[in-house]
**Student:** 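If you scroll down you'll find the structure; I have some questions about it.
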Amino acid sequence: MSRMIVPHTTPTPTPTRTVRKAVVPAAGLGTRFLPATKATPKEMLPVVDKPAIQYVVEEAAAAGLDDVLMVTGRHKRAIEDHFDNAYELEQALAAKGDSVRLDAVRDPARLANIHHIRQGEPLGLGHAVLCARRHVGDEPFAVLLGDDLIDPRETLLSTMLDVRDRYAGSVIALMEVPREQIHLYGCAAVEPTGDEGVVRVTGLVEKPSPENAPSAYAVIGRYVLDPAVFDTLERTEPGRGGEIQLTDALQELATGGTVHGVVFDGLRYDTGDKADYLRTVVRLACDRPDLGPEFVGWLKEFVAGLEGGGAADSERLAA
Ligand code: UTP
């Protein structure tokens with residue numbers, strides 16, 4: 001049965017939490033989604049009626065992280081504008097008395113203290129994280145990939161912050177994937193900790209072939225990092241694809257025994273991938289109280305038509 005979407009708007013930090021800042025890398029080229037991403041960052045593609053990156057910032061805010069640094073690239077403007085005030089639009093909506101849309105326009109800027117930094121060249125995720133060094137300083141911090149959505153009902157990030165407080169060091173999120181898909185991800189070698197859902201990471205390898213993968217645990221786009229990662233990243237040479245890989249820096253930290261993994265089996269969507277993007281939009285639209293009932297009705301009819309071998313719209317239109 002589908003659950004209702006109740007976005008996390010109430011911060012639930014534990015009093016002992018040491019992490020305050022989140023970094024959202026959003027400077028990649030988004031080549032998997034061309035041509036849509038030619039002039040628009042993939043993180044700004046709409047998921048129902050909000051850009052993907054807004055869900056990510058909402059997730060950070062819900063976990064009590066009120067300082068968010070966006071690492072942006074050549075399409076900086078669209079992301080900056082989205083998390084800023086929109087004076088003319090707000091005036092127009094206020095004049096019409098349209099408080100619902102006015103709130104929707106104002107919400108992104110109210111989520112957190114949002115900062116921006118530019119990654120001059122997309123030299124890799126590790127390099128994007130290194131761009132945050134001055135802003136983050138000597139504190140542990142979270143990294144949330146701007147195109148990777150965790151369902152708003154999940155509490156993965158809060159769990160990871162708790163694990164960081166318990167074990168120190170860095171914490172990564174892991175998801176079991178079919179072996180044949182592991183080449184799309186960073187992959188972790190792990191051993192148990194005795195703590196349910198928490199593993200010790202003993203090694204990491206970026207996008208291995210299924211034969212060389214140490215496990216079926218894929219690294220997904222949530223991290224809580226110790227500031228020690230910055231020194232490691234400074235030394236990290238370009239790796240796979242000529243990019244400075246965060247996985248390579250974490251591999252070095254893992255050999256020192258300071259990386260743990262939280263195993264996640266909830267709902268996660270990669271909106272940078274076309275097929276997963278479509279699934280995300282459909283799933284979240286079905287769950288929306290304002291859109292869901294009518295949309296689900298239409299979807300059922302559409303699927304029944306496909307299954308019944310009935311004329312798809314495309315055939316009808318071609319006739
Ligand atoms: P991806 O590998 O998914 O991003 O990086 P990409 O390179 O834009 O994707 P494709 O394969 O060409 O479609 C994961 C995250 O890291 C960011 C991306 O924006 C994305 O959120 N990233 C990646 C950076 O910020 N800088 C980089 O140099 C690379």
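Residue indices begin at 1 and follow the sequence shown. Since this is a predicted model, take the numbers as computed values, not measurements. When a ligand or atom number is given, it counts from 1 through the structure's own listing order.
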**Student:** I'd like to check which ligand 1 atoms, numbered from 1 as shown, lie under 4.0 Å from a non-hydrogen atom of L123.
**Tutor:** 28 (O)

**Student:** Nearest protein heavy-atom contact for atom 6 (P) of ligand 1: which residue, which atom, what distance?
**Tutor:** K42 NZ, 3.4 Å

**Student:** What are the two closest heavy atoms between A22 and A60, and how far apart are they?
**Tutor:** CB-CB, 4.1 Å

**Student:** Determine the interplanar angle of the H115 and H135 rings, folded into 0 to 90°, and report it as parallel if under 30°, tilted if 30 to 60°, perpendicular if over 60°.
**Tutor:** tilted

**Student:** Considering the heavy atoms of E43, write down every atom of ligand 1 situated less than 4.0 Å from one of them.
**Tutor:** 18 (C), 19 (O), 20 (C), 21 (O)

**Student:** Which of the numbered atoms in ligand 1 are below 4.0 angstrom from a heavy atom of Q119?
**Tutor:** 24 (C), 25 (O), 26 (N), 27 (C), 28 (O)

**Student:** In terms of residue, atom name and distance, what is the protein heavy atom nearest to atom 11 (O) of ligand 1?
**Tutor:** R32 NE, 3.1 Å

**Student:** Please assess E243 against H127 for the test side-chain hydrogen bond (donor to acceptor under 3.5 Å, both in side chains), listing each intermediate value before the final yes or no.
**Tutor:** CA-CA 8 Å; E243 296 190 343; H127 181 260; over 6 Å; no

**Student:** Tell me, which protein residue and heavy-atom name are nearest atom 7 (O) of ligand 1, and how many Å apart are they?
**Tutor:** L29 N, 4.0 Å

**Student:** Which residue holds the protein heavy atom closest to atom 25 (O) of ligand 1, what is that atom called, and what is the gap in Å?
**Tutor:** A27 N, 2.9 Å

**Student:** Distance check, rounded to the nearest 0.5 Å: L284 atom CG versus Y269 atom OH?
**Tutor:** 4.5 Å

**Student:** Going through the checks in order, is the salt bridge (Lys or Arg N to Asp or Glu O under 4.0 Å) test met by R133 and D231?
**Tutor:** CA-CA 10 Å; R133 181 170 201 166; D231 282 345; 2.8 Å; yes

**Student:** Can you pull out the closest protein heavy atom to atom 16 (O) of ligand 1? Residue, atom name and distance to 0.1 Å, please.
**Tutor:** L125 CD1, 3.6 Å

**Student:** Distance to 0.1 Å, residue and atom name: give those for the protein heavy atom nearest to atom 14 (C) of ligand 1.
**Tutor:** L145 CD1, 3.8 Å

**Student:** Looking at A128, which atoms of ligand 1 are within less than 4.0 Å of one of its heavy atoms?
**Tutor:** 24 (C), 25 (O), 26 (N)

**Student:** With a heavy-atom distance limit of 4.0 Å, tell me whether D148 approaches ligand 1 through its side chain, its backbone, both, or neither.
**Tutor:** neither

**Student:** Answer yes if the side chains of T18 and D165 hold a donor-acceptor pair under 3.5 Å, and no otherwise.
**Tutor:** yes

**Student:** Provide the number and element of each atom of ligand 1 under 4.0 Å from a heavy atom of P122.
**Tutor:** 28 (O)

**Student:** Please list, in number order, the atoms of ligand 1 under 4.0 Å from a heavy atom of G146.
**Tutor:** 21 (O)

**Student:** If you take all heavy atoms of T37 and R74, which pair is closest and at what distance?
**Tutor:** O-NH2, 4.0 Å

**Student:** May I ask you to say whether D148 pairs ionically with R268, meaning some side-chain N is under 4.0 Å from a carboxylate O?
**Tutor:** yes

**Student:** Do me a favour and list the nearest non-hydrogen protein atom to atom 8 (O) of ligand 1 with residue, atom name and distance?
**Tutor:** G30 N, 2.7 Å

**Student:** In terms of side-chain heavy atoms, does T159 have a donor or acceptor partner in D162 at a distance below 3.5 Å?
**Tutor:** no

**Student:** For T31, counting its heavy atoms only, list the atoms of ligand 1 lying under 4.0 Å from any of them.
**Tutor:** 10 (P), 11 (O), 12 (O), 13 (O)

**Student:** Side chains of Q54 and H82: do they bring a donor and an acceptor to under 3.5 Å?
**Tutor:** yes

**Student:** Out of all atoms in ligand 1, which are within 4.0 Å of some heavy atom of G124? Include the element for each.
**Tutor:** 26 (N), 27 (C), 28 (O), 29 (C)

**Student:** Report yes or no: does T193 contribute a side-chain atom to a donor-acceptor pair with the main-chain N or O of V198 at less than 3.5 Å?
**Tutor:** yes

**Student:** Any nitrogen or oxygen of P25, main chain or side chain, under 3.5 Å from a nitrogen or oxygen of ligand 1?
**Tutor:** yes

**Student:** Considering non-hydrogen atoms of the protein only, which is the closest contact for atom 22 (N) of ligand 1, and what is the distance?
**Tutor:** G28 N, 3.6 Å

